[in-house]
Amino acid sequence: MIRVLRGHIVDAPRLGELQVTECGWLVLEDGVIRGVFDRLPAAYDNAPVTDYGDRLILPSFADMHLHAPQYPMLGMGMDLPLLDWLGTYAFPTEARFGDPDYARRTYRRLASDLITNGTTRVCMFSSLHTEATWILMEELERAGVTGYVGKVNMDRNGVPGLLQETAEQSAAETLRWLEGCRSDRVKPILTPRFTPSCSDELMARLGAIAAERGLYVQSHLSESLQEIEWVRNLHPDCERYWETYAKFGLWKDHTLMAHCVWSDTNERAAMRAAGVVAVHCADSNVNICSGVCPVRRLLDEGIWVTLGSDIAGGAQLPMYKVITAAIRASKIRRVIDDWTTDFLTVEEAFYLGTTAGHRYFGAGEGFAPGNRLHAIVVDDGDFPEAVGPLTVRERFQRAVYMLHRRNIVAVWSDGRCVVEKPLVPAEN
Ligand code: GUN
Ligand code: FE
């Protein structure tokens with residue numbers, strides 16, 4: 001079925017590049033983009049049109065790292081650095097997800113908050129609980145959020161008896177969990193929490209499962225200095241943190257590594273060589289005093305960088321907030337680097353929060369033909385009146401900073417309209 005969307009179409013196909021089609025036409029066939037046009041080609045003259053008028057049609061967001069079972073502690077416990085924060089706040093909160101009813105309630109709310117804020121693709125950590133992880137996947141799918149979810153593996157340095165498995169249990173539960181994953185829209189990803197949480201035996205089993213089943217892997221890397229020191233003590237045979245994953249076959253193409261704040265030249269080269277993807281989580285890095293990631297350096301070196309909210313180290317679920325946090329962090333980095341590095345522009349950070357993430361799922365650049373549509377429609381009519389008329393590019397930049405979910409009047413995910421608010425004709 002052909003469907004045509006009309007509005008001001010803006011996307012970021014490549015780093016630093018913004019494509020603006022004022023009063024444009026976006027043609028969809030069975031949810032797949034056929035093209036973005038200045039004028040509607042005659043072949044589509046009789047197709048039904050959804051006219052979004054003066055509103056902006058933008059790519060939706062991809063949140064490439066967040067912890068679903070930390071949603072109940074959003075905005076809390078920001079007084080401790082990473083390792084103390086995990087033991088004091090994160091682990092006790094995650095332990096609650098042994099209760100499927102609690103998981104259902106929390107995950108339904110999380111899924112709704114994600115989709116109404118325009119996040120249609122995620123790579124997400126669950127807890128170690130198999131049932132709760134299935135529930136999370138169901139709730140995301142129900143809301144229209146797509147992507148990857150991982151049952152977390154942790155067999156050491158958790159909370160014995162409360163939030164920790166044995167290596168045997170962890171591997172067996174992972175296999176049982178994988179058997180129960182059937183959706184094409186929300187798929188499994190292997191999730192060793194981080195090196196301090198996983199014994200060598202467990203890492204080896206997960207490496208074997210990843211290889212046998214061709215699964216992607218997500219974890220954490222070089223987030224804080226204390227953590228790096230701990231990893232060094234746990235693996236005296238490894239010179240660097242990344243080698244503790246590589247040793248077990250977990251360092252490979254499409255492996256997602258959150259943070260990479262303190263990755264050195266060697267570790268960054270290893271990322272590029274293997275096709276490991278960095279997830280920059282600027283809000284989290286500041287909140288739990290991990291550091292300020294040199295994101296410009298990662299980009300200059302050709303590393304694939306995406307963005308994550310890292311809920312609940314990060315306290316901002318909306319990706320437009322995460323995008324502006326990344327811009328701010330890059331400006332802090334510029335100052336502490338003696339003004340030698342460039343900060344991220346709005347266009348660049350928007351690319352990282354949209355196209356760079358969508359590519360992980362096989363999508364082409366921006367609204368490329370052939371992509372299933374992942375988009376939001378923004379009504380900026382309630383923003384303060386500007387001095388003089390704004391260009392669409394200016395409206396886009398303002399929206400990135402000023403958006404609230406009430407301004408997101410429609411959300412398209414995987415080619416389907418999953419959020420639709422009644423359109424009041426825009427005044428002009
Ligand atoms: N490293 C291991 N687990 C976590 C977590 O839950 N949050 C963050 N920010 N870092 C981690
Ligand atoms: Fe994290």
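When a ligand or atom number is given, it counts from 1 through the structure's own listing order. Heavy-atom basis, side chains included; hydrogens, waters and symmetry copies ignored. In this chain, numbering begins with 1 at the start of the sequence shown.
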Check: Glu138 main-chain N/O paired with Ser183 side-chain donor or acceptor under 3.5 Å: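 Judged by distance alone, no pair lies under 3.5 Å.
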query: Where the Fe ion (ligand 2) is the corner point, what angle links NE2 of His65 with NE2 of His67, to 10°?
result: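 Here the angle at the metal atom is close to 100°, to 10°.
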query: What is the name of the N/O/S atom in Asp310 that sits closest to the Fe ion (ligand 2)?
result: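 Minimum-distance N/O/S atom of Asp310 relative to the Fe ion (ligand 2) is OD1.
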Closer than 4.0 Å to some heavy atom of [X] - which atoms of ligand 1 meet that?
X	result
His259	9 (N)
Trp85	7 (N)
Asp310	8 (C), 9 (N)
Glu223	1 (N), 8 (C), 9 (N), 10 (N), 11 (C)
Gln70	5 (C), 6 (O)

query: Are His280 and His65 close enough that their ring centers fall under 6.0 Å?
result: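 Ring centroids of His280 and His65 are no less than 6.0 Å from each other.
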- request: Tell me whether the centres of the aromatic rings in Tyr148 and Phe361 are closer together than 6.0 Å.
  value: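 Yes; Phe361 has its ring centre under 6.0 Å from that of Tyr148.
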field: Metal site the Fe ion (ligand 2): N/O/S of Cys281 inside 2.8 Å
entry: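 Short answer: no, not a single N, O or S atom is under the cut-off.
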- prompt: Do you see an N/O/S atom of His259, backbone or side chain, under 2.8 Å from the Fe ion (ligand 2)?
  reply: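 Short answer: no, not a single N, O or S atom is under the cut-off.
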- request: Measure the SG-CZ distance between Cys198 and Arg205 for me, rounded to the nearest 0.5 Å.
  value: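 The CZ atom of Arg205 is 13.0 Å from SG of Cys198, to the nearest 0.5 Å.
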query: Do Tyr89 and Gln70 have side-chain N/O donor and acceptor atoms under 3.5 Å apart?
result: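 The answer is no; no qualifying pair exists.
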task: Distance to 0.1 Å, residue and atom name: give those for the protein heavy atom nearest to atom 11 (C) of ligand 1.
output: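 The protein heavy atom lying closest is His220 NE2, 3.4 Å.
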- prompt: So which protein heavy atom does atom 3 (N) of ligand 1 come closest to, and at what separation?
  reply: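 Scanning the protein heavy atoms, the shortest distance from atom 3 (N) of ligand 1 goes to Arg193 NE, 2.9 Å.
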task: Heavy atoms only: give me the nearest Ala326-Leu344 pair and the separation to one decimal.
output: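 It is O-CD1, 3.8 Å.
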task: Is it possible for you to check whether Arg96 lies under 6.0 Å from the centre of the six-membered ring of Tyr102, through NZ or CZ, and within 45° of that ring's axis?
output: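 Here Arg96 passes the 6.0 Å and 45° test against Tyr102.
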